[in-house]
Amino acid sequence: MKHLVLTTTLIKAVDRTDPDNLKFEDTSFEVNLGTIVVANTTEIEIKMNLAEWFKNPNTWNLNELNTVLMPNFEAQKMMRENGETVFSLGVVN
């Protein structure tokens with residue numbers, strides 16, 4: 001049996017409010033998909049619910065947050081928090 005954990009690559013948000021004192025914050029996240037039995041031919045389905053990026057735990061109001069994500073430090077942190085509920089384990093064969 002294997003414990004399946006999905007981890008994003010290291011991603012950092014940068015707060016550029018003070019260009020002489022940049023603030024970096026890790027925005028990668030880990031998703032625990034549980035324990036499964038893995039063999040040489042095992043197929044694992046990982047589901048992604050796109051709606052979760054916009055609603056859980058932070059409601060993403062496109063009237064307010066309709067900006068490019070990368071330069072928006074606070075928005076990047078919100079997306080990291082929302083990403084934790086996006087992925088789930090599907091069928092394992």
Side-chain angles (χ1 to χ4, degrees):
M1 293 207 314
K2 298 281 183 180
H3 190 71
L4 185 59
V5 175
L6 176 66
T7 305
T8 63
T9 57
L10 183 61
I11 302 169
K12 289 192 177 189
V14 181
D15 183 350
R16 301 177 194 278
T17 305
D18 178 359
D20 294 326
N21 187 23
L22 298 178
K23 177 182 174 187
F24 295 87
E25 185 170 323
D26 180 10
T27 55
S28 58
F29 59 92
E30 185 174 287
V31 178
N32 184 343
L33 297 176
T35 302
I36 60 171
V37 176
V38 177
N40 288 339
T41 59
T42 301
E43 294 180 14
I44 302 168
E45 176 186 36
I46 298 174
K47 295 181 179 183
M48 181 174 70
N49 181 344
L50 290 173
E52 288 295 308
W53 284 115
F54 303 101
K55 67 180 185 178
N56 190 17
N58 301 299
T59 300
W60 196 265
N61 183 338
L62 289 173
N63 292 317
E64 297 171 9
L65 294 166
N66 60 352
T67 183
V68 178
L69 182 62
M70 295 310 290
N72 188 328
F73 182 68
E74 293 302 320
Q76 287 184 60
K77 293 190 314 182
M78 290 171 62
M79 277 286 113
R80 175 202 56 221
E81 292 170 355
N82 284 13
E84 295 176 3
T85 61
V86 171
F87 300 96
S88 62
L89 183 62
V91 176
V92 177
N93 289 322

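Remember, it's a predicted structure, so these values are computed and weren't measured experimentally.
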Glu52: partners by side-chain hydrogen bond (donor to acceptor under 3.5 Å, both in side chains), with sequence neighbours left out: Asn56, Thr85
State yes or no: do Val86 and Val91 share one hydrophobic cluster built from I, L, V, M, F, W and Y residues joined by side-chain heavy-atom distances below 4.5 Å, directly or via other members? no
Is any side-chain heavy atom of Asn72 closer than 4.5 Å to one of Leu65? yes
Is there a path of hydrophobic side-chain contacts, each under 4.5 Å between heavy atoms of I, L, V, M, F, W or Y residues, that connects Leu62 with Leu69? yes
Hey, what do you get for CZ (Phe54) to CE (Met79), rounding to the nearest 0.5 Å? 5.5 Å
Those residues at least two apart in sequence (or on a different chain) that pass side-chain hydrogen bond (donor to acceptor under 3.5 Å, both in side chains) with Asn58 are Glu81, Asn82
CD of Glu84 to CD of Glu30, rounded to nearest 0.5 Å, is 9.5 Å
Please report the shortest heavy-atom distance between Thr42 and Val92, naming the atom on each side. CG2-CG1, 3.8 Å
Calculate, to the nearest 0.5 Å, the distance between atoms CD1 and CD1 belonging to Ile36 and Ile44 respectively. 3.5 Å
Looking only at heavy atoms, what is the nearest atom pair of Trp60 and Ala75, with distance? CH2-CB, 3.5 Å
How long is the gap from CE on Met48 to CH2 on Trp53, to the nearest 0.5 Å? 7.5 Å
Residues which pass side-chain hydrogen bond (donor to acceptor under 3.5 Å, both in side chains) with Glu45, listed by chain and number, not counting sequence neighbours: none
Test side chain to side chain contact (heavy atoms under 4.5 Å, CB included) applied to Asp18 - qualifying residues, sequence neighbours left out: Asp20, Asn21
All side-chain hydrogen bond (donor to acceptor under 3.5 Å, both in side chains) counterparts of Lys77, not counting sequence neighbours: Glu74
Under 4.5 Å side-chain linkage, directly or through intermediates, the cluster mates of Leu22: Val14, Phe24
Arg80 side chain to Asp26 main-chain N or O, any donor-acceptor pair under 3.5 Å? yes
Give the ring-plane orientation class for Phe87 versus Phe29, where under 30° counts as parallel, over 60° as perpendicular and anything between as tilted. parallel
